[in-house]
Every structure is written in C-alpha cells, then in structure tokens.
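A note on names: the letters A, B, ... follow the listed sequences, proteins ahead of strands, and every chain is numbered from 1. Remember, predicted model here, so these are calculated numbers, not experimental data.
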Number of protein chains: 2
Amino acid sequence: MPGINEVAELAGVSTATVSRALSGNGHVSAATRERVISAASELGYVVSSNASSLATGRTKNVGVVIPVLNQWFYSSVLQGAESALLANGYDLTLYNLGGGADERRSVFEHFLLRKRVDAVIAVSLELTAGETTRLLDMNKPIVGVGGPLPGVRTLSIDDVAIARLATEHLLSLGHTTIAHIGGNKEYERDFHLPTNRRVGYESALEAAGIPVDPELFQTADFTMRGGYQAAKQLFGNPRKRPTAVFAASDEMAIGTILAARDLGLEVPEDVSVIGIDDHDLSDFFGLSTVAQFPELQGRLAVEILMDQLHPSRRTQGTLNTSLPYELIVRSSTARVSNRRR
Amino acid sequence: MPGINEVAELAGVSTATVSRALSGNGHVSAATRERVISAASELGYVVSSNASSLATGRTKNVGVVIPVLNQWFYSSVLQGAESALLANGYDLTLYNLGGGADERRSVFEHFLLRKRVDAVIAVSLELTAGETTRLLDMNKPIVGVGGPLPGVRTLSIDDVAIARLATEHLLSLGHTTIAHIGGNKEYERDFHLPTNRRVGYESALEAAGIPVDPELFQTADFTMRGGYQAAKQLFGNPRKRPTAVFAASDEMAIGTILAARDLGLEVPEDVSVIGIDDHDLSDFFGLSTVAQFPELQGRLAVEILMDQLHPSRRTQGTLNTSLPYELIVRSSTARVSNRRR
DNA sequence: CTGAAAGCGCTTACAG
DNA sequence: CTGAAAGCGCTTACAG
C-alpha cells in the first residue's frame, strides 16, 4: 500500500502539495496537480481515511440508527439514506438498535461516540435528553426521522392528517360504517403512531357527524396476519358489519382484503379497504392507500444533515420538517353499494 | 471531549498505562486499572477510533457490500450480519452496490480501499479477479455470500439440491404434471441461480422418469406479481394444466396461490404449490417451501471473518461452506387428488 | 508493572 | 504556488 510519501516522491513535490492537489483544498498549479494525480493513480494510491480523519476531525461517515432492518418501511428509509450519502461522498455506518436499553447504551458509548461519525440519523428512535445533549455537545448534527425530538432537527409525518385523509376518502364514497384497525400499544413508543392514526380516524368521523363506535375498532401488530385476524373479528360481527375498513398500515390492509375474500365478501363491492404506506405489495393487491415515501424520508434526512455539515450551503430551515403524503386510489375502495342491506 | 491525556493526569499515570488498562493489552496492576477505569468513566472518556486505528492498523469495522436493501432476503442477511458484528464489537459500514460498474468502481476505489474496513462481506456480488486480488493484497479478509468466488472463502447454498428437494416433495405426493416458475435471465448474474434451480427441478423429474415439458415452464422476476402472471399462464393452458407448481421463490409461489384462487382453483385440493425461501409471509399463506436461512447466512459470514481476523481462534475450514436448507411442509401441498381428471 | 518516546499517515497554519 | 514542520490522539516496542 503506497503512502502519501511515495506519491510525493514520484511526483517530485512535498507531501503537503500532494495532499492539496488530491483534496482540492488550497491552491496548486495545474501542472503540478496533473503530475500528482498521475503519480497517485500510477501507484494506486488512496488516502487513509483514518489518518485524514485524525488530522481534520472529519470522518465523512454518518451513523444511521434504525430499529429493524427487514421491514419494508425501515429498509426503504435506509436505502434512501444510503444512496444519498453515497452521492455526497459519505459512508454509512449502520447501527441496528432493536433491543433493550443495554444494547442501546452500548452502541452509544462504544460506537457512536468514538468519533467515528460526523453525524447521526436516528430513525424512529426516541433519544433521551442525555443522549441528545451528548451528541450535540460533541458538535455532531443529528436528524431524527419519525417524530419530534427535543432540540433536534427532525422529519416527521402528520399521522393525524394522514389518517383523517384516508377516512375522509371512505366517507366521501358514502360509507358510514367504517371500522379501524389500529396498532398495538407495543408500537406506541414510535411517537404514538397508533394513537395519532386513531385520532385522525375519529376526528374525521366526528366532523362528519358520525359517532365513534368501539365495536368498529380492533388493534393488531402491523403485519398481514395481524390485519387478517382483526378483520375477521370485524367482519364476523353479526350485528354491525362495516362497509369499509381503514387499516393503519398497508400490510394490515392486505390482510383485511384476504380476510374478506375468505369470508366470501368481495372487495370493493361488499367492503372497501384502505391502508397507509404504499407498500411494495399494495399495487399488486389493488390497495387504495395514503402513500408515505420512506426512501424520500431517508434522502431528506441526508440533505438536512449535509446542510448542517456544510454550513456554507446552509439553507437554514425550521427545526421540524413535515413529510409529504399522498392519497392513492386503487381498486379496493368504491362507493358504498346497494348490495348491502 | 476529554482525551487520553486528561484521563492519564486524573489517574496519575502515563498515557501508555491508560491505553493498556483500557484496552486490556499488556499488563497493568489491578489497582492501577481501577484508577484508570474510574478516571475514564468520570470524564466520560471514549477512545478515538481514528487515532486507535491509525496506530494499530485495525479499524474494528467491516464493510458489507449488498445489491439491494429492501428485499426480504438481503435485508435478512444484513440483519444477521449486523447483530453478529455488533456482538463481536465491530461496526458495519454499508455499501449498497446495486447499480452499474461505475458506481461499483467508485465504491471500491474511494471507500473500501481507504483502509476504512478490516474485512469485507460481499453478498451476491461477483467480484472481478482484479478486485479480489486487490483486497487480498491489502490483507483484508473477504467472505462471499451467495456463490463461489475464486480464491475467496464463500458461503453458498446448493441451489440444485434445494430445487430437487422441492420437486421430489411434489413427486412423492403423486404429482406428475409439475410446472416450474423460474427466474429471469436478469437474475442469472447471481451465480446462475435461476438455471441451477431449473436444473434441480429437471433432474428430479428425470430421475422419476418424467420427461421435462417446456409447456410447464415459465419465468418471472421473483416478485409476487410476476409469479401471479406466470401462474395464470400455466393454469390457463387448456390442454395441460399442472397439478403442482414449484416456484423458485416464495414470493412467486404466493403469487401462484393467489392466481389459483382467482381462477377458482383450490390449493392444495386442485393444485399444490411449493416455493423456496421461507419468506416472512409464507407461514401466513400456508406455503410449503424449502427454507434457506438468510439471517443465519449473515451470521455465519461474520463468524468466518472473525476466524480470519483473529487467527488465534482460527478453525481453518474449507474455502467454501455449504449453507443449510430445510423442507417445510405446510398446507399448500397435498397428495394429487382424485378430483382431477 | 510502568514510562518516555517514536510512529501511525495524513492536513494545515505559517513562511516564503 | 509550494515546502518544512507541528499536530491530530492513540499504541507499542524498548527500557527499566
């Protein structure tokens, strides 16, 4: 492995000049730059990032802390962040922080803080005040994805508004018996996502003058199977079968479609179904949904970070950025039918 | 940010001793160690990984190169690798190398080789001889997951055997008109996966004395939708409808189940379906399959790497390690029924 | 068991 | 525009 000295020697200049020519910091005559560059490529030289980081204090590396990897939403955020980071010349160091407080403390202490990263993207992670302070004290920008974090720039989506929009879509089609499959309390820690979506659903109903009926509410674990089971409960109710179901995620909504089919109900003739996400599979199932764009979320997080890392091009925004969402109507929702009753 | 000097001062020892006490390399008296450790924690000291790496030449960081992030198989491999790496005290730097040769060269030149990582896990990536040589020359262990790489330790699965097993399962249930939905050529680059699975299917048929019929073969893109469409073709064939379908992935197999339902065929009464993977959704759909264990694959890759990184605990294995697989019979396969013909 | 000092491979004021 | 030299924060022979 050739070092900077060898390049300097071959090019007939000092190591300082090599550093300047290759990094673009500081002036170097065009001719010299040429010589340096060709010497470097001849030797196959590539700077040692450790040495460079130690000297400059910058690592060109961003830590991404994410609770799960193999779920559509999270892996999409990760994908978006990765490609944006790569485009900006940054590496991505991955910290999968599913578990308990211990694992988490360990990651913070032993990894994040080792000056290994210039900044942190925290996905769906509620940092404690101490953790935030510590990172900020070190002058490491943080951006949170998924919910507001005190004192930290965040990207978040208006879950109440999304849920209201989905429900209003059903209302506008004439439905009045609209059930909701929400998330378990287990998912409450993610910035009260289940509650927010439920609140959006209820507020839409109330605005339409329709009383909220606890019989039309079920919870599940955001999976297809969970949605399927919850939907069976709903559809099986002999005295109050919903004509429409709003599920808090597309996977649960797909489970709902499958449950309807298994009960001999047709979608959307007998029951309309809408979800939230615009999951990979939703188009295939013809599912109407409110799209959130996780890849975009990852990309936006990187953009915000770059602004903070390179204050020159700083566009100074607000502390919290709202994420876009969009109603996508496919074939799982339709006007309430006469076939019913 | 306190440095090692401050810890040394507070503990009343030299920086050398601090380093030794904290890292565990070299002898330090118990009393001194105590003092150092409490001084360090009092100051909130944590070593700078850059400085440490520069001095030792080791980064405690492993690069994982992976073609896609948001697909079940790959994200599961990643998850397995991540947790195993974390457990071993290593960081994971992620390189998502979907694209073209350019992006790829760029990653190699500008990232991997910057001495940022101690080792590389290459998932489903055919490295060129040059790339392999270069990494090996730098003394960076590599382990490939997904297929044999010349001169590199690899983990691979016997796709021919898996496909044969799946097909034999159908044969043993009395099926003789068995269709296969294989992968597109587009996926051939992944170590000829589609071809290998097709070969396994055909060899099982031949061993059973059943001629291979091109009318019973379709290709798709490994997605549910692709499987659905291919299955419709198969089931729609008026003169040769299969009684069983072996799909080269679970997502395609699930698509097949849905296609059957939409045509009014019952699974498994009218048609048996088997896939490969044991995807997250397979249990929910009652899909019989041959499981491969991607998380385990990620974990094993890390183990092999650790053996090479820490030759002390070297268990010196062969160059290529075969991955386990297992037939899982659920409710999508059954004895060929009398209802047919 | 412990310390003084060299060295890891860069970058960047400071001079010129 | 370019070079000599200090410094980034550790680790580790080398002595003792």
Side-chain angles (χ1 to χ4, degrees), chain A residues 1-37 39-40 43-61 89 91 110-111 113-118 138-139, chain B residues 1-37 39-40 43-61 89 91 110-111 113-118 138-139:
Chain A
M1 277 280 81
I4 198 172
N5 307 291
E6 290 156 69
V7 178
E9 206 167 327
L10 183 58
V13 295
S14 71
T15 59
T17 299
V18 172
S19 175
R20 284 190 279 250
L22 261 25
S23 70
N25 296 134
H27 290 212
V28 179
S29 75
T32 307
R33 164 171 293 115
E34 283 294 278
R35 282 216 313 290
V36 170
I37 289 176
L43 295 170
Y45 169 74
V46 36
V47 306
S48 154
S49 64
N50 286 314
S52 175
S53 299
L54 185 56
T56 62
R58 271 166 280 114
T59 63
K60 289 286 228 169
N61 190 21
D91 276 1
H110 297 296
F111 297 106
L113 299 174
R114 281 177 166 208
K115 309 196 171 162
R116 203 158 237 180
V117 298
D118 290 338
M138 299 175 70
N139 229 318
Chain B
M1 278 281 81
I4 198 172
N5 306 290
E6 292 156 67
V7 178
E9 205 166 327
L10 183 58
V13 296
S14 71
T15 59
T17 299
V18 172
S19 175
R20 284 190 279 249
L22 261 27
S23 70
N25 297 134
H27 291 214
V28 179
S29 75
T32 308
R33 165 172 291 114
E34 283 294 278
R35 281 219 311 292
V36 171
I37 288 175
L43 294 170
Y45 169 75
V46 35
V47 306
S48 154
S49 63
N50 287 313
S52 174
S53 299
L54 186 57
T56 62
R58 272 165 280 113
T59 64
K60 288 288 228 169
N61 189 21
D91 276 1
H110 297 297
F111 296 106
L113 300 174
R114 281 177 167 208
K115 311 194 172 165
R116 204 159 236 181
V117 298
D118 289 339
M138 298 175 70
N139 231 317

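Between Asp91(A) and Arg116(B) there is a salt bridge, with a side-chain nitrogen of the basic residue lying less than 4.0 Å from a carboxylate oxygen of the acidic one.
Closest non-hydrogen pair, Thr32(A) versus Ser29(A), comes out as OG1-OG, 2.7 Å. What you find for Leu22(B) and Ala40(B) is that their closest heavy atoms are CD2-CB, 4.3 Å. Looking at every heavy atom in both residues, Arg20(A) comes nearest to Val28(A) through CB-CG2, 3.7 Å.
For dT11(C), one of the phosphate oxygens OP1 or OP2 lies less than 4.0 angstrom from a side-chain nitrogen or oxygen of Ser52(A). Taking 4.0 angstrom as the limit, Ser29(B) places a side-chain polar atom (N or O) nearer than this to OP1 or OP2 of dT2(C). Phosphate proximity of dG3(D) to Thr17(A): present, with a side-chain N or O under 4.0 Å from OP1 or OP2.
Atom CZ of Arg35(A) and atom P of dT2(D) are 8 Å apart (whole Å). When rounded to the nearest whole Å, the span between CZ of Arg20(B) and P of dT11(D) equals 11 Å. Distance, Leu54(B) CG to dC10(D) C1': 8 Å, rounded to whole Å. Protein atom OH of Tyr45(A) is 10 Å distant from nucleotide atom P of dG9(C), rounded to whole Å. The distance from atom CZ of Arg116(B) to atom P of dG9(C) is 17 Å, rounded to the nearest whole Å. In this structure, CG of Asn50(B) is placed 14 Å from C1' of dT11(D), rounded to the nearest angstrom. The separation between Ile4(A) atom CD1 and dT12(C) atom P is 11 Å, rounded to whole Å. Rounded to an integer number of Å, the gap from Asn5(A) CG to dC8(C) C1' is 11 Å.
In the set dC1(C), dT12(C), dC10(D), dC1(C) carries the atom at the smallest distance from any side-chain atom of His27(B).
Backbone-only engagement by Arg58(B) is indicated by non-hydrogen atom pairs under 4.0 Å involving sugar-phosphate atoms exclusively. Residue-level contact check: Val18(A) touches neither bases nor backbone, having no heavy atom under 4.0 Å from any strand. Nucleic acid contact class of Thr32(B) (heavy atoms, under 4.0 Å, all strands): sugar-phosphate only.
Nucleotide dA13(C) is matched to nothing when pairs are restricted to Watson-Crick or G-U wobble geometry with both distances under 3.5 angstrom. dA4(C) is unpaired under the Watson-Crick or G-U wobble criterion, no partner having all donor-acceptor distances under 3.5 Å.
dT12(C) sits 16 Å from dG16(C) when the C1' atoms are compared, rounded to a whole Å.
Each of Thr56(A) and Ala55(B) lies near DNA chain C, and the nucleotide nearest Ala55(B) is the one positioned closer to the 5' end. Residue-to-nucleotide proximity on DNA chain D shows that, of Ala16(B) and Ala30(A), the 5′-proximal contact is made by Ala30(A). Where Thr15(B) and Pro2(A) each meet DNA chain C at their nearest nucleotide, the meeting point lying more 5' is that of Thr15(B).
Under the 4.5 Å side-chain criterion, counting only non-hydrogen atoms from C-beta, Ile4(A) is in contact with Ser19(A). Contact check for Asp118(B) versus Asn61(B): no side-chain heavy atoms found under the 4.5 Å cut-off.
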